[in-house]
Amino acid sequence: MSDNIWGYEQNSGHTAGTDLIGYKVEATDGHIGKVDKHSDDVDSAYLVVDTGVWIFGKHVLLPAGTVRSIDAADQKIFVELTKEQIKNSPEFDKDKHVGDAGYHQQVGEYYGSHRNR
């Protein structure tokens, strides 16, 4: 994962400005959902993933630093997290948490504690 949890790894295959909405998201142990929203903002880049029926329609916010690689041809994003880590992440409410600095800090601390496990 990236040293900056809110920035893409240089070798991830991410190109700023690419529309990632609808890309499938794969954890280290399987499919978790599709990108519903994303941001390329410097020091605040993230993906919002709709997990569908996997965890009862829950949306999760994944900092860009959790992205291992992006396959644009297959429209897939691979993250350096397990399904369990994602399932146990802080609950995301797209109506309340987008742009909420306190929530972003909570998410950053959660995923930062799961680095290199």
Side-chain angles (χ1 to χ4, degrees):
M1 283 189 249
S2 172
D3 287 337
N4 172 12
I5 197 77
W6 298 104
Y8 288 96
E9 290 273 353
Q10 286 186 345
N11 61 353
S12 69
H14 177 260
T15 303
T18 301
D19 184 3
L20 302 175
I21 294 174
Y23 276 44
K24 294 178 182 174
V25 181
E26 303 289 329
T28 57
D29 55 352
H31 179 74
I32 62 159
K34 290 186 176 184
V35 176
D36 187 51
K37 179 181 167 107
H38 67 95
S39 168
D40 284 341
D41 293 348
V42 175
D43 293 329
S44 187
Y46 61 83
L47 304 171
V48 174
V49 180
D50 180 350
T51 63
V53 296
W54 173 57
I55 43 180
F56 308 108
K58 179 179 174 181
H59 285 76
V60 293
L61 186 134
L62 301 179
T66 63
V67 173
R68 181 182 64 208
S69 65
I70 298 173
D71 182 339
D74 284 340
Q75 294 194 340
K76 286 186 179 179
I77 298 172
F78 298 89
V79 295
E80 202 58 55
L81 299 163
T82 65
K83 287 181 167 185
E84 190 70 18
Q85 288 171 321
I86 295 165
K87 185 176 181 179
N88 293 328
S89 67
E91 186 174 347
F92 176 72
D93 181 332
K94 62 183 175 182
D95 296 324
K96 290 196 277 188
H97 293 134
V98 172
D100 178 339
Y103 176 76
H104 278 232
Q105 181 177 352
Q106 180 185 9
V107 169
E109 288 171 1
Y110 173 80
Y111 286 117
S113 72
H114 287 87
R115 290 175 187 244
N116 303 320
R117 283 190 175 184

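Atom CD1 of Ile70 and atom CG of Leu47 lie 7.0 Å apart (nearest 0.5 Å). Atom CD1 of Ile86 and atom OG1 of Thr51 lie 9.5 Å apart (nearest 0.5 Å). The OH atom of Tyr111 sits 9.0 Å away from the CD1 atom of Ile5 when rounded to the nearest 0.5 Å. Distance check, rounded to the nearest 0.5 Å: NZ of Lys83 to OG1 of Thr28 gives 10.0 Å.
A pairwise comparison of heavy atoms in Glu84 and Tyr110 identifies O-OH, 4.4 Å as the closest pair. Shown here for Gln85 and Thr82, the closest heavy-atom pair between the two residues is OE1-N, 2.8 Å. Closest of all the heavy-atom pairs between Asp95 and Asp93 is N-OD1, 2.8 Å.
Counting heavy atoms from C-beta outward, Asp50 and His59 have side chains that approach closer than 4.5 Å. At a threshold of 4.5 Å between non-hydrogen side-chain atoms, the residues Val107 and Trp6 count as touching.
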Taking distance alone, no hydrogens or angles, what donor-acceptor pairs closer than 3.5 Å link side-chain atoms of residues 12-22 to residues at least two apart or in another chain?
from	atom 1	to	atom 2	distance (Å)
Ser12	OG	Glu9	O	2.9
Ser12	OG	His14	N	3.2
His14	NE2	Asp40	OD1	3.0
Thr18	OG1	Thr15	O	2.8
Asp19	OD1	Ile21	N	3.1

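Under the rule for a side-chain hydrogen bond (donor to acceptor under 3.5 Å, both in side chains), Asp29 has no partner lying at least two apart in sequence or in another chain. Scanning for side-chain hydrogen bond (donor to acceptor under 3.5 Å, both in side chains) contacts around Gln10 gives an empty result, with sequence neighbours left out. By the ring pair (Phe, Tyr, Trp, His ring centres under 6.0 Å) test, Tyr103 pairs with Phe92, His97, sequence neighbours left out. Judged as a side-chain hydrogen bond (donor to acceptor under 3.5 Å, both in side chains), and not counting sequence neighbours, the contacts of Asp43 are Asn4. For Ser69, the side-chain hydrogen bond (donor to acceptor under 3.5 Å, both in side chains) criterion is met by no residue, not counting sequence neighbours.
Exactly one residue among Ile77, Val67, Val35, Ile32 makes a side-chain contact (heavy atoms from CB on, under 4.5 Å) with Leu62. That residue is Ile32.
A donor-acceptor contact shorter than 3.5 Å is absent between the side chain of Ser39 and the backbone of Ala45. With hydrogens and angles disregarded, a donor-acceptor distance shorter than 3.5 Å links the side chain of Lys58 to the backbone of Lys87. Glu26 places a side-chain N or O within 3.5 Å of a backbone atom of His31 that can act as its donor or acceptor partner. Although no hydrogens or angles enter the test, the distance criterion places a donor-acceptor pair under 3.5 Å between the side chain of Asp71 and the main chain of Asp74.
Counting non-hydrogen atoms of neighbouring residues, nucleotides and ligands closer than 6.0 angstrom, the CD atom of Gln75 exceeds 12 such neighbours.
Residues Tyr23 and His38 keep their aromatic ring centres 6.0 Å or farther apart.
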